[in-house]
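Worksheet: the structure to be examined is printed underneath.
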Amino acid sequence: MSEENHTAVTKFLLLGFPEVKGFKAVVVFHVILIAYILTLIINCAIIVLVSIKPQLHSPMYFFLQQLSFIESVFLTVVVPNMLCVIWLEGATISIAGCIFQTDMYSVVGCTECHLLTVMAYDRYLAICQPLRYNTIMNTRLQYSLVIYCWVFNFLLNQITLSFICQLHFCGPHVIDHFFCDLLPLVELSCSHKFALQLEIFIGAILIIILPFVFVIISYINVFISIFRISSTIGKKKTFSTCSSHLTVVTLYFGTLLTIYTVPANGQTLTVNKLISILYIVVTPLFNPIIYCLRNQNIKVIMRNLLTHKG
């Protein structure tokens, strides 16, 4: 392949939803836009509440605040460009812009994955080792874990980025998706991709599989501890402290594993894009709502604010 052919493709065409046109595209656009704005508003409210309310100054709410921030960034990396693609019924993006979106999407998404794992560890300590919880999960450890999530995933994804930047794209230039995801981007390259694919496989183990296994082990120990509580009221009260996180983790890993571990030939592109919308738009909207509806402290604070009781 000549260098001239290697440099032939300078832009990609994001198809979005080719089957959604006209009035349907307008409806989908506004539904996603409303979901995006609502998610940002709720996440910002959680961030502010945890910052200003002393009763929320605990590790669980600190990590919830970080999750709200990460999901706001995650949405902003994808959704504005997605809305543009839907509104225009397809849009072009430069190779550099596509690679940048892929990298940011991967960094923030992987960071969220590890933060949810940290939150599972926090619930494990709180329920299985309550006497040592405050000693172990001190402020220093909380910040260290959050910094680790960001730094580790940023550095790991820069390895992937270095491989992607060496790829050549010589056609086709069409991505049948509404954003630049890693696997569709790699598939368009005409370069040898074995090293990159191996790195992606190893990264998936470190970023998705191992955290998922850790979460399962953590909750097995949590359930064992809950079943050992003699009173029914005690069991319900203890389970309520982790039920929100368990629901969020189930939604998150369920959609994530479906998108990135189910073989592509096992589902249509349309189904894959719908699951991606569930993962990118719907789950981040439901997560803060789940925490607000199932957490007594947050419900009380919100009720007091709405009734002007401080």
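Sorted by first and then second residue, the pairs that involve residues 209-225 and meet side chain to side chain donor-acceptor pair (under 3.5 Å), not counting sequence neighbours, are Y219-H245.
Residue Y133 qualifies as enclosed at atom OH: its count of foreign heavy atoms under 6.0 Å is above 12. For CZ of F253, the number of neighbouring non-hydrogen atoms (other residues, nucleotides, ligands) closer than 6.0 Å is greater than 12. Heavy-atom neighbours of K24 NZ from other residues, nucleotides or ligands within 6.0 Å: at or below the threshold of 12. For F69, the CZ atom counts as loosely surrounded, since its 6.0 Å shell holds 12 or fewer non-hydrogen atoms of other residues, nucleotides or ligands. Within 6.0 Å of the NZ atom in K237, the count of heavy atoms belonging to other residues, nucleotides or ligands does not exceed 12. Surrounding CZ of F29 are more than 12 heavy atoms belonging to other residues, nucleotides or ligands, all under 6.0 Å away. By the neighbour-count criterion of 12 heavy atoms within 6.0 Å, atom NE2 of H57 is densely surrounded, having more than that number from other residues, nucleotides or ligands. Annotation for I52: atom CD1 counts as buried by contact number, over 12 foreign heavy atoms lying within 6.0 Å.
For the pair R123 and V249, the minimum side-chain heavy-atom distance is 4.5 Å or more. Using a 4.5 Å cut-off on side-chain heavy atoms (C-beta onward), F239 and I127 make no contact. Residues F74 and I280 form a side-chain contact, since some pair of their non-hydrogen atoms from C-beta on lies under 4.5 Å apart. Counting only heavy atoms from C-beta outward, the side chains of P288 and E71 approach each other to under 4.5 Å. Side-chain contact between I164 and L182 is present, with heavy atoms from C-beta onward closer than 4.5 Å. Using a 4.5 Å heavy-atom threshold, the side chains of F201 and Q197 count as separate.
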Please assess Y121 against F63 for the test ring-ring contact (aromatic ring centres under 6.0 Å, His included), listing each intermediate value before the final yes or no.
CA-CA 11 Å; Y121 175 63; F63 291 129; 9.1 Å; no

Stepwise side chain to side chain contact (heavy atoms under 4.5 Å, CB included) check, W87 with L83:
CA-CA 6 Å; W87 185 259; L83 291 173; over 6 Å; no

I would like to know whether L125 and R132 meet side chain to side chain contact (heavy atoms under 4.5 Å, CB included); could you show each step before the answer?
CA-CA 8 Å; L125 288 178; R132 301 176 57 203; over 6 Å; no

Could you go through H173 and L188, starting from their C-alpha distance and side-chain angles, then the distance that decides it, and tell me whether this counts as side chain to side chain contact (heavy atoms under 4.5 Å, CB included)?
CA-CA 7 Å; H173 69 292; L188 290 183; 5.9 Å; no

Apply side chain to side chain contact (heavy atoms under 4.5 Å, CB included) to the pair V146 and V118, showing each step before the final yes or no.
CA-CA 8 Å; V146 171; V118 167; over 6 Å; no

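Residues passing the ring pair (Phe, Tyr, Trp, His ring centres under 6.0 Å) test with Y124: none are found, sequence neighbours excluded.
Between the side chains of Q65 and S51, at least one donor N or O lies within less than 3.5 Å of an accepting N or O.
Distance check, rounded to the nearest 0.5 Å: CD1 of I46 to CG of L67 gives 8.0 Å. The CG atom of L210 sits 9.5 Å away from the OG1 atom of T117 when rounded to the nearest 0.5 Å. In this structure, the separation between CG on N81 and CD1 on I93 is 5.0 Å, given to the nearest 0.5 Å. The CE atom of M82 sits 8.5 Å away from the OG atom of S276 when rounded to the nearest 0.5 Å. For the atom pair NZ (K193) and CD (Q166), the distance works out to 14.5 Å, reported to the nearest 0.5 Å. Atom CD1 of I229 is separated from atom CD1 of I233 by 12.0 Å, given to the nearest 0.5 angstrom.
Nearest approach of P130 to C128, heavy atoms of both residues: CD-C, 3.4 Å. Listed here is the closest heavy atom pair of L75 and P80: O-CD, 3.7 Å. Considering all non-hydrogen atoms of both residues, Q101 and V78 come closest at NE2-CA, 3.9 Å. Taking each heavy atom of Q158 and V107 in turn, the nearest pair found is NE2-CG2, 4.0 Å. Looking at every heavy atom in both residues, L56 comes nearest to Y61 through O-CB, 3.0 Å. When every heavy atom of A195 is checked against every heavy atom of F163, the shortest pair comes out as CB-CE2, 3.7 Å.
Looking only at distances, a side-chain donor or acceptor of T283 sits under 3.5 Å from a matching main-chain atom of L278. Formation of a donor-acceptor pair under 3.5 Å by the E89 side chain with backbone atoms of G22 is found in this model. Checking side-chain atoms of D103 against main-chain N and O of I99 turns up no donor-acceptor pair under 3.5 Å. A distance-only check finds no donor-acceptor pair linking the side chain of D181 to the backbone of L183 [under 3.5 Å]. Judged purely by atom type and a 3.5 angstrom limit, T238 has no side-chain atom pairing as donor or acceptor with the backbone of K235. A donor-acceptor contact shorter than 3.5 Å is absent between the side chain of S189 and the backbone of L185.
Of the candidates I86, I175, D176, I175 is the only one forming a side-chain contact (heavy atoms from CB on, under 4.5 Å) with L14.
Grouping the Ile, Leu, Val, Met, Phe, Trp and Tyr side chains by contacts below 4.5 angstrom, directly or via other members, places I37 with L285. Residue I136 is grouped with residue L145 when hydrophobic side chains (ILVMFWY) are merged at heavy-atom distances under 4.5 angstrom, including chains of intermediate members. Cluster membership for L257 and Y279, using ILVMFWY side-chain heavy atoms within less than 4.5 angstrom, is shared. Linking ILVMFWY side-chain heavy atoms closer than 4.5 Å, directly or via other members, places F223 and F212 in a single hydrophobic cluster. No continuous path of ILVMFWY side-chain contacts below 4.5 Å connects V31 to L274, so the two sit in separate hydrophobic clusters.
In the hydrophobic clustering, V174 connects to L13, L15, either directly or through intervening members, whenever side-chain heavy atoms lie under 4.5 Å apart.
Seen from the ring of F178, K273 does not count as a face-on cation partner, given the 6.0 Å and 45° thresholds.
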